[in-house]
Amino acid sequence: MKRLIVNADDFGLSPEVNAGIMRAHRDGILRSASLMVAEPAARAAAEMARDNPALDVGLHAVVCRGRCLLDASRLGAAVRPSGEFIDSPVGAGMRYFFDRSMRAAMTDELRAQVERHLELVGYLNHIDGHLNFHVHPLFADILVDLAVEYKVPCLRLPRERVLTTLRLRRDHAARKLVESFIFGTLSRRTSRMMAQRGLISTDALFGLHQSGHLSEDYIVGVLDRIRDGTTELYFHPAADIGGVPPAAEAQLEVEILTSPRVRDAIARNGIELITFADLAKSKLAA
């Protein structure tokens, strides 16, 4: 059996992102989204989710290139006085790895994000991270503990079959191979911790290596190569709603998610669209 979770990251980041996600859900194949709870459009996103209960909304944990919930003075060098985390993923990753004194403050921040999500949405079935920071050694430890404490069944493991992606698109091959090594290593560590604590993830994932460079042909190619089990395919859609238009790549992702050709590929390959809530129920039933 082939089952697919189609997820959109960055819900709540902006009205344009919210609009893109809702169009992809109402008119397309999107069944899941991940909410950035401290961003300006988070409450509007939560209201949209309440009006569309078939959209399963998880937490997009933010520790880099986004806003914090706690007062910036509590988070030290990780956050500017304006309340924004460091922009550089490499700089942030190194700082978090070597400055272990930040663990207590970042635990408090991520706990606050979980609790804000529950306040806004009312449930939480899955956690992932902005820029996949949730598998960083510091944050994987924290989020596995929080997932157990708050009974969140699923975490994303960003382990993508890089050779499949390279067969479909050979651009940026060196970057993809480096990403595969880094996130594969971090995912294996996180997976072991999750297994020990009874947490689950999908069997496979796509969306990491081709992020920001998606095409309809690529997505159809992925769908034609999906194996038995459960796969997550994640996107970053946004729609032009009359203000400053989002990036063309984000607008294209809305078109991909609502494409009849993509829907036909799902049907042709016998793929069932599910949510993280469905995944958790099936694991419990087993």
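Position 1 is the first residue of the sequence, and the numbers go up from there. Hydrogens, waters and symmetry mates are skipped; everything else that's a heavy atom, side chains included, is used. This is a predicted model, so every value here is computed, not measured.
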Under 30°, 30 to 60°, or over 60°: which ring-plane class applies to His126 and Phe276, parallel, tilted or perpendicular? parallel
If you measure only the distance, is there a donor-acceptor pair under 3.5 Å linking the side chains of Thr165 and Gln210? no
Could you check whether Tyr234 and Ser32, counting side-chain N and O atoms only, form a donor-acceptor pair closer than 3.5 Å? no
Presence of salt bridge, Arg74 and Asp108, under 4.0 angstrom: yes
Between Ser34 and Asn7, is there a side-chain donor-acceptor contact under 3.5 Å, judged purely by atom types and distance? yes
Can you list every salt bridge (charged side-chain N to carboxylate O under 4.0 Å, His left out) pair that touches residues 180-205, not counting sequence neighbours? Asp141-Arg189, Asp145-Arg197
Can you confirm whether Arg175 is buried at CZ, in the sense that more than 12 heavy atoms of other residues, nucleotides or ligands lie under 6.0 Å from that atom? yes
Under a 4.0 Å N-O cut-off, is there an ion pair linking Asp224 with Arg268? yes
Might you work through the side-chain contact (heavy atoms from CB on, under 4.5 Å) test for Leu146 and Val152, ending with a clear yes or no? CA-CA 8 Å; Leu146 289 174; Val152 182; over 6 Å; no
Mind listing the closest non-hydrogen atom pair of Val63 and Tyr96 along with its distance? O-OH, 2.7 Å
With the threshold set at 4.0 Å, does a side-chain nitrogen-carboxylate oxygen contact exist between Glu119 and Arg116? yes
Under 3.5 Å, is there a donor-acceptor pair between the His209 and Glu160 side chains? no
To the nearest 0.5 Å, how far apart are CD1 in Ile256 and CD1 in Ile219? 5.5 Å
Does Phe97, at its CZ atom, have more than 12 non-hydrogen atoms belonging to other residues, nucleotides or ligands within less than 6.0 Å? no
Taking Arg156 for the side chain and Glu232 for the main chain, is one N or O donor matched with an acceptor at less than 3.5 Å? no
Got a salt bridge between Glu39 and Arg67, using NZ or NE/NH1/NH2 to carboxylate O under 4.0 Å? no
Going from CG on Asp171 to NE2 on His213, what distance comes out if it is rounded to the nearest 0.5 angstrom? 7.0 Å
Within the 3.5 Å criterion, strictly below it, is a donor on Gln113 or Glu109 matched to an acceptor on the partner's side chain? yes
From Phe183 atom CZ to Asn132 atom CG, the distance as rounded to the nearest 0.5 Å: 5.0 Å
Might you point out which heavy atoms bring Ile21 and Pro237 nearest each other, and give the distance in Å? CG1-CG, 3.9 Å
